[in-house]
Every structure is written in structure tokens, then in C-alpha cells.
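Here the structure is laid out as C-alpha cells; the discussion comes afterwards.
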Amino acid sequence: MAASLWKNLLQTTKDRILQILQQRRASLYIGAHGYEEELIKKKLQQFAGGSINLSKEDSGIGILTLNNPKLMNAFTGTMMLELQERVTELENWKDGKGLIIYGAGNTFCSGSDLNAVKAISNSQARWDEYVHVYAKHLNQTYEKTKSINFGYKTLLCRLPLISVALVQGKAVGGGAELTTACDFR
Ligand SMILES: CC[C@H](C(=O)O)C(=O)SCCNC(=O)CCNC(=O)[C@H](O)C(C)(C)COP(=O)(O)OP(=O)(O)OC[C@H]1O[C@@H](n2cnc3c(N)ncnc32)[C@H](O)[C@@H]1OP(=O)(O)O
């Protein structure tokens, strides 16, 4: 009898845990400050356009180009994802010494893509929530700061490369803040 009760309790507990896990998977948020990484990435992927290009020169200088000139190099969702990939690539670059960031065309960066900001603002979660969530990937101190701009900053600041923002034309919003993430501008 006791054994059977125990078995039932065990099974019920397992079922409940599985149920909770499934619910969490369906939700953007996990716990108070955790987030569903894949959901965030999928959401950011919906706002495509532009690119973040990296060329690594033999001299040890990396050149990172913010490339979305039609929108004054505004940051789309996919550009955010690419930024993280490029920075990871730079982190692993053994011969890297310095980094120059500049914008394609005649401008630096006009911040977040306002089309994405507007689109997301009309849906369940706001753009800045996604962006802040994504900043968590970029910035381990997210819990303290909750700011993508600080996320950019920490991401670039922690790079063991001397970084320079080569600002030509406009640097607005998140674009201006990105310049402050560099050692020189
Ligand atoms: C605050 C931080 C936050 C974050 O990321 O956390 C943000 O960054 S929110 C975004 C803040 N940025 C802005 O509000 C900038 C808005 N844009 C402008 O003020 C101007 O476009 C400017 C000053 C950057 C350039 O002005 P200019 O007269 O030289 O050019 P146009 O305005 O004609 O722009 C050309 C073309 O680009 C489009 N555009 C510019 N910025 C953005 C943007 N951030 N998102 C989406 N699209 C942008 C603009 O609409 C024009 O498109 P067109 O189809 O040719 O009309």
C-alpha cells in the first residue's frame, strides 16, 4: 500500500515537473530574470535586414562594418544576432590587436531599427524587452543594468582589443551609445 502510494506520488511529481517545463518553454520568460533564448532569437530573426560584416586583416586589425545604409545603418534584429557572432569571433581571434567599427555609406548608425521597435511594440512583448533580453547574451551584468546599450558596451569593452569607433555622419540613439563602448572615437 505504502509502496503504491509512493509510486503514485513520484509519478504525479514527475508529470507536474514536465508540465511546468512545457509551460515555461511556451513562455518568453523563465523565472524572474531568465529568458527563453531560442524564442528571443526567433523573434529577432523576424526583423531582418542589413548585416554586420567583419574582416580580419593580417596586421591584427579587425574591421567591423555596420551595414544597413538604406536605414542609416539602423540595427535590425538579425544585425543584433550577427553582432554577437562577430564579437565571439573576435574574442577567439588569437592574432587580434585592434578593432575599427564604422558605418557603411556616409553615416555611423541611427540606433535600433524603428520599424522593428514599432512592430514589436504592438505585439505581446515590446522591442526593448527583446533587446534587453538579448543584452543578457551580450552582457553578463544584465541583471544589474537591464540595458542593451550597456550590453553593447560591456560586450565590446571586454574584448581584449583596442577599439575605435570611426564616426562619419550621424550616430544617434543606440548608435551614439555604441561609440561610447569603444576605447576611442
Ligand atoms: C535610444 C536607444 C534605442 C536603443 O537601441 O536602445 C534606439 O536606438 S531607438 C532609435 C533611435 N534613433 C532614432 O530615433 C533615429 C531616427 N532617425 C533620425 O532621426 C534620422 O533619420 C537621422 C538623424 C538618423 C538621419 O536623418 P537624415 O535626414 O540624414 O536621413 P533620413 O531621416 O531621411 O533617413 C534616411 C532613411 O533612413 C531611415 N531611418 C533612419 N533612422 C532609422 C531608424 N533608426 N530605424 C529605421 N529607419 C531609419 C529613414 O526613415 C529614411 O528612410 P526613407 O524610407 O528613405 O524615408
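First listed ligand is number 1; within each ligand, the first listed atom is number 1. Since we're looking at a predicted model, the values are computed, not measured.
By the side-chain contact (heavy atoms from CB on, under 4.5 Å) test, Leu161 is found to be paired with Leu90, Leu99, Leu159, residues two or more places apart in sequence or in another chain being considered. Legend: residues meeting salt bridge (Lys or Arg N to Asp or Glu O under 4.0 Å) with Lys56, ordered by chain and number and at least two apart, are Glu89.
Near Gly111, with a cut-off below 4.0 Å to any heavy atom, the atoms of ligand 1 are 8 (O). Residue contact check: Lys170 has heavy atoms under 4.0 Å from atoms 23 (C), 29 (O) of ligand 1. Interface of Asp113 with ligand 1, defined as ligand atoms under 4.0 Å from a residue heavy atom, comprises 45 (N), 46 (C). Atoms of ligand 1 lying under 4.0 Å from any heavy atom of Gly174, numbered from 1 in the order shown and given with element: 2 (C), 7 (C), 8 (O).
Of the N or O atoms in Gly175, none lie within a sub-3.5 Å distance of an N or O in ligand 1.
The shortest distance between side-chain heavy atoms of Phe47 and Asp113 does not fall below 4.5 Å. Side-chain contact between Cys109 and Phe75 is present, with at least one heavy-atom pair separated by less than 4.5 Å.
Comparing Gly173, Ser110, Ser112 against atom 24 (C) of ligand 1, the shortest heavy-atom distance belongs to Ser110. Scanning Leu71, Leu178, Leu114 for the heavy atom closest to atom 14 (O) of ligand 1 points to Leu114.
Contacts of Ala74 with ligand 1, taken as heavy-atom pairs under 4.0 Å, involve the side chain alone. With a heavy-atom cut-off of 4.0 Å, Lys70 touches ligand 1 through its backbone alone.
Leu54 CG to Glu82 CD: the interatomic distance, rounded to the nearest 0.5 Å, is 11.0 Å.
When all heavy atoms of Met79 and Asn68 are compared, the closest pair comes out as SD-CB, 3.8 Å.
Checked by atom type, the side-chain pair Ser51/Asn53 shows a donor-acceptor distance below 3.5 Å.
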